[in-house]
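This chain uses plain numbering: 1 for the first residue, then up along the sequence.
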Amino acid sequence: MASEVFNPNPTVIATVSPTARRRAAHARHSLWLLDDEDSAIYPSDDEPEPIDADEIFDLIRSISDPEHRSMTLEELAVVSAPQISVVPSRVLIEFTPTVPHCGMSTLIGLSIRVRLLRALPTRFKVDIRVKPGSHQSEHAVNKQLNDKERVAAALENPALVEVLETCLQSASRRGL
């Protein structure tokens with residue numbers, strides 16, 4: 001999209017495997033039901049399934065960085081599990097740009113929003129914010145990311161949608 005590199009040498013951290021709770025839940029949901037205990041194992045379809053911060057983190061951790069496409073947001077420490085909070089019907093995500101003058105912050109936040117719009121039930125309100133003090137235009141970025149009309153206008157731009165799709169291609173690599 002832009003030829004200017006905002007952070008030519010980012011710090012990369014080692015990623016962690018999915019939480020033990022997620023691995024246990026995946027192992028418990030076998031494709032083969034051996035007895036009539038399926039109603040005790042699986043919740044009723046009438047109840048909304050609870051979603052926690054670990055599940056949200058698993059959804060966004062492997063989104064590619066728009067500037068460094070071979071690296072994920074988790075590897076660059078842009079997103080982490082402690083920066084996510086979930087209360088009934090509300091998800092708050094703070095992300096940390098790699099540099100205070102990062103020109104890709106809005107695109108990073110938009111890719112997080114699109115990933116969650118596609119994955120979460122509509123009952124959730126999602127707030128995405130730059131971590132306080134981590135960006136020089138923090139207020140402007142936060143305003144753009146949480147304004148429905150601005151997000152809708154951005155998603156009508158074919159060039160921007162193409163960049164978003166490229167960032168989101170790696171989101172399916174998340175482990176269970």
Side-chain angles (χ1 to χ4, degrees), residues 7 10-29 42-44 46-68 71-102 104-152 154-155 164 167-168 170-176:
N7 187 3
T11 302
V12 178
I13 63 166
T15 60
V16 296
S17 62
T19 62
R21 188 190 67 72
R22 294 279 293 160
R23 284 192 305 268
H26 180 65
R28 186 175 65 233
H29 289 13
Y42 300 105
S44 164
D46 298 336
E47 301 172 19
E49 184 178 340
I51 296 176
D52 63 12
D54 289 335
E55 289 177 288
I56 300 297
F57 181 61
D58 283 343
L59 287 170
I60 64 173
R61 69 193 301 173
S62 59
I63 296 173
S64 295
D65 183 77
E67 188 174 22
H68 304 283
M71 293 180 247
T72 66
L73 297 183
E74 179 186 21
E75 291 171 332
L76 295 172
V78 173
V79 295
S80 63
Q83 293 176 291
I84 300 169
S85 63
V86 180
V87 294
S89 301
R90 187 177 176 117
V91 176
L92 173 63
I93 297 174
E94 285 187 344
F95 69 96
T96 308
T98 57
V99 291
H101 58 278
C102 181
M104 298 289 172
S105 294
T106 306
L107 192 54
I108 291 169
L110 190 58
S111 64
I112 293 170
R113 177 168 298 286
V114 169
R115 175 68 175 131
L116 294 179
L117 282 172
R118 291 177 179 177
L120 292 178
T122 57
R123 72 177 188 268
F124 285 97
K125 180 181 183 330
V126 177
D127 287 326
I128 300 171
R129 302 194 184 285
V130 174
K131 185 175 180 181
S134 66
H135 196 278
Q136 63 190 19
S137 302
E138 171 187 334
H139 179 70
V141 171
N142 289 342
K143 187 174 181 178
Q144 277 188 306
L145 292 175
N146 293 295
D147 183 325
K148 287 181 183 179
E149 288 81 19
R150 291 181 189 203
V151 169
L155 296 177
L164 282 173
C167 292
L168 294 173
S170 63
S172 63
R173 291 191 313 215
R174 66 185 177 90
L176 287 177

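- More than 12 heavy atoms of other residues, nucleotides or ligands shown are found within 6.0 angstrom of NZ on Lys125.
- A pairwise comparison of heavy atoms in Asp54 and Ala81 identifies OD1-CB, 4.4 Å as the closest pair.
- When all heavy atoms are compared, the tightest approach of Glu75 to Met71 is OE1-CA, 3.1 Å.
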If you apply the rule side chain to side chain contact (heavy atoms under 4.5 Å, CB included), what do you find for Thr72 with Arg61, and how did you get there?
CA-CA 7 Å; Thr72 66; Arg61 69 193 301 173; over 6 Å; no
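- Heavy atoms only, all atoms of each residue included: Pro66 and Ile108 are closest at CD-CG1, 3.6 Å.
- Residue pairs that meet the side-chain hydrogen bond (donor to acceptor under 3.5 Å, both in side chains) test with at least one member in residues 132-142, sequence neighbours left out, are Ser105-His135.
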### Chi angles and distances behind the side chain to side chain contact (heavy atoms under 4.5 Å, CB included) call for Leu73, Ile60
CA-CA 8 Å; Leu73 297 183; Ile60 64 173; 5.7 Å; no
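- Between the CZ atom in Arg150 and the CG atom in Leu110 there is a gap of 13.0 Å [rounded to 0.5 Å].
- Rounded to the nearest 0.5 Å, atoms CZ (Phe95) and SG (Cys102) are 8.0 Å apart.
- The minimum heavy-atom distance between Leu59 and Arg115, with the atom names listed, is O-NE, 3.0 Å.
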(request) I would like to know whether Leu145 and Thr106 meet side chain to side chain contact (heavy atoms under 4.5 Å, CB included); could you show each step before the answer? (result) CA-CA 7 Å; Leu145 292 175; Thr106 306; 4.3 Å; yes
Between side-chain atoms of residues 116-124 and protein atoms elsewhere (two or more places apart, or another chain), which donor-acceptor pairs fall under 3.5 Å?
| residue | atom | partner | partner atom | Å |
| --- | --- | --- | --- | --- |
| Arg118 | NH1 | Glu165 | OE1 | 3.4 |
| Arg118 | NH2 | Glu165 | OE2 | 2.4 |
| Arg123 | NH2 | Glu49 | O | 2.7 |

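- Of all non-hydrogen atoms in Pro97 and Val130, the two that sit nearest each other are CD-CG1, 3.8 Å.
- Contact detail for Ile128 and Asn146: the closest heavy-atom pair is O-ND2, 2.7 Å.
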Would Met104 and Asp65 count as a side chain to side chain contact (heavy atoms under 4.5 Å, CB included) here? Give the steps. CA-CA 9 Å; Met104 298 289 172; Asp65 183 77; 5.7 Å; no
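- Between the side chain of Glu55 and the main chain of Asp52, a donor-acceptor pair closer than 3.5 Å is present.
- For the atom pair Ile63 CD1 and Leu76 CG, the distance stands at 12.5 Å (nearest 0.5 Å).
- The side-chain hydrogen bond (donor to acceptor under 3.5 Å, both in side chains) pairs that include a residue from residues 85-96 are Gln83-Thr96, Arg90-Asp127, where partners are two or more places apart or lie in different chains.
- Distance check: Ser64 OG to Leu164 CG gives 12.0 Å after rounding to the nearest 0.5 Å.
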